[in-house]
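Just so we're clear, the structure is a prediction, and the values are computed from it rather than from any experiment. Sequence lines set the chain letters: A, B, ... in the order given, protein chains first and strands last, and positions in each chain run from 1.
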Amino acid sequence: MTADQILAEIREANLSYLMLAQSLIRVDREQALYRLGVSEDTARLIGALTPAQMMKIAATNTLLCRFRMDDDIVWGLLANHGKAAANESVNRLHASILMAGRHQEAA
Amino acid sequence: MARNKSILTEARQIERAVTLIQLGARLQVLESETDLSYERLLRLYKEVAGKSPSKGQLPFSTDWFMTWQPNIHASLFLNIHEYLNKVSELDEIDVVIKAYQLYLEQTQSQALEPLLSVTRAWRLVKFVDNGMLTLTKCSCCGGHFVTHPYEIAKHYVCGMCNPPARAGKGKLAGGLQIPSAAGRVPAAAPAHAH
């Protein structure tokens with residue numbers, strides 16, 4: 001990947017993220033807060049963005065969204081480390097419960 | 001109870017009632033959460049659901065939430081509910097509706113049977129409000145799970161970190177299953193048989 005390609009792909013990803021986030025927020029604000037894991041203030045900002053603003057914000061060299069499961073327990077459950085894959089639905093539910101319990105990052 | 005005369009309020013309540021009926025709520029839930037009269041609710045129910053509402057008492061026991069699989073479903077719903085409660089300022093019943101929709105999505109995406117009905121979910125929130133049930137932190141994974149209020153938090157381990165012996169052995173479609181080979185006792189695994 002050349003530097004130009006990297007920048008172009010990051011811009012694409014950012015733009016998709018912003019567009020998806022905005023439509024989620026417009027469909028149902030509260031459920032969007034849960035899905036996106038952002039604060040109410042952030043949701044208000046994203047919801048009010050114009051297409052031109054979105055293009056501008058998306059054109060940067062860093063990603064706008066961040067990884068949400070940066071701990072061993074949730075990651076292990078989702079990636080099925082050291083456990084049989086048949087256990088998967090239990091593990092995924094377990095991971096969902098753990099992640100749903102983390103509202104401090106959004107509030 | 002003073003009937004609400006505002007047409008806008010009534011429209012919102014009807015909308016709410018329709019959503020609840022579509023989610024499969026019992027008539028008692030609608031009666032408790034809206035100011036609409038019983039007769040109107042009954043007509044609305046027949047119109048939306050195309051059948052008469054089921055009769056009889058609501059499930060009243062807190063024990064159902066303690067069994068292994070229902071506890072997982074109830075804990076997932078209640079965690080989503082708490083999340084929405086913390087980040088937004090909605091009416092109590094709207095939080096239940098939105099959290100229940102998110103819970104349904106989650107079970108659908110995993111092809112699981114949604115064990116928790118919207119009526120049970122609503123009851124669960126009432127039980128928690130009344131202090132009959134609560135969320136306790138698992139000392140092993142740190143997640144929050146539905147328990148009786150007197151659970152000793154220090155020693156509590158959830159049903160997923162420590163599944164009971166018969167857990168996940170049911171053959172019902174859409175249920176959770178733990179194959180015995182994947183159990184926590186490595187000696188029982190067939191790989192060691194040789």
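Heavy-atom distances place the side chain of B:F145, and not its backbone, under 4.5 Å from chain A. With a 4.5 Å cut-off on non-hydrogen atoms, B:E105 touches chain A through its side chain but not through its backbone. Contacts between B:L84 and chain A at a heavy-atom distance below 4.5 Å involve the side chain alone, from C-beta outward. The contact between A:R35 and chain B is made entirely by side chain atoms (from C-beta outward), counting heavy-atom distances below 4.5 Å. Using a 4.5 Å cut-off between heavy atoms, B:C158 contacts chain A through its side chain alone, with no backbone atom that close. The part of A:I73 that comes within reach of chain B is its side chain, from C-beta onward, which places non-hydrogen atoms under 4.5 angstrom from that chain. Heavy atoms closer than 4.5 Å to chain A are found in both the backbone and the side chain of B:L76. Both the backbone and the side chain of B:I72 have a heavy atom closer than 4.5 Å to some heavy atom of chain A.
Atom CG of residue A:D28 and atom CG of residue B:D94 lie 9.5 Å apart, to the nearest 0.5 angstrom. The distance from the OG atom of B:S109 to the CZ atom of A:R92 is 5.0 Å, given to the nearest 0.5 Å. Put simply, CG on B:N79 and OG on A:S96 are 10.0 Å apart, with the number rounded to the nearest 0.5 Å.
The most heavy-atom pairs under 4.5 Å with chain A, out of B:G143, B:C141, B:S75, come from B:C141.
For A:E40 against B:S88, the heavy-atom pair with the smallest separation is OE1-CA, 4.3 Å.
In the hydrophobic clustering (ILVMFWY side chains linked at under 4.5 Å, chained through shared members), A:M1 is joined by A:I6, A:I10, A:L63.
Dense packing is recorded around CD of A:Q5, with more than 12 heavy atoms of other residues, nucleotides or ligands lying under 6.0 Å away. By the neighbour-count criterion of 12 heavy atoms within 6.0 Å, atom CZ of A:R29 is densely surrounded, having more than that number from other residues, nucleotides or ligands. Under a cut-off of 6.0 angstrom, the local environment of CE in B:M66 is crowded, with over 12 non-hydrogen atoms contributed by other residues, nucleotides or ligands. Residue B:E92 qualifies as enclosed at atom CD: its count of foreign heavy atoms under 6.0 Å is above 12. Summarising the local packing, CG of A:D72 is surrounded by 12 or fewer heavy atoms from other residues, nucleotides or ligands at distances under 6.0 Å. B:R40 CZ: 12 or fewer foreign heavy atoms inside a 6.0 Å radius.
Each of A:L7 and A:M55 belongs to its own hydrophobic cluster when Ile, Leu, Val, Met, Phe, Trp and Tyr are linked at side-chain heavy-atom distances under 4.5 angstrom. Follow the hydrophobic side-chain contacts under 4.5 Å out from B:V29 and you reach B:V48 in the same cluster. One hydrophobic cluster, built from ILVMFWY side chains closer than 4.5 Å, cannot hold both A:I25 and A:L45; they sit in different ones. Side-chain heavy atoms closer than 4.5 Å link hydrophobic residues (I, L, V, M, F, W, Y) into clusters, and following such links, possibly through other members, connects B:Y45 to B:Y38.
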side-chain contact (heavy atoms from CB on, under 4.5 Å) assessment of A:E30 paired with B:L90: CA-CA 9 Å; A:E30 289 75 26; B:L90 288 169; 3.3 Å; yes

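With hydrogens and angles ignored, the 3.5 Å screen pairs a side-chain donor or acceptor of A:Q31 with a backbone N or O of B:K98.
Counted by atom type alone, B:Q110 and A:S89 present zero donor-acceptor pairs between their side chains at under 3.5 Å.
Under the ring-ring contact (aromatic ring centres under 6.0 Å, His included) criterion, A:Y34 pairs with B:Y83, not counting sequence neighbours.
The shortest distance between side-chain heavy atoms of A:L93 and B:L112 falls below 4.5 Å. Contact of the A:I97 side chain with the B:H144 side chain is not registered, since no non-hydrogen atoms from C-beta on lie closer than 4.5 Å.
With respect to the salt-bridge test (charged N to carboxylate O, under 4.0 angstrom), the residues A:R102 and B:E82 do not qualify.
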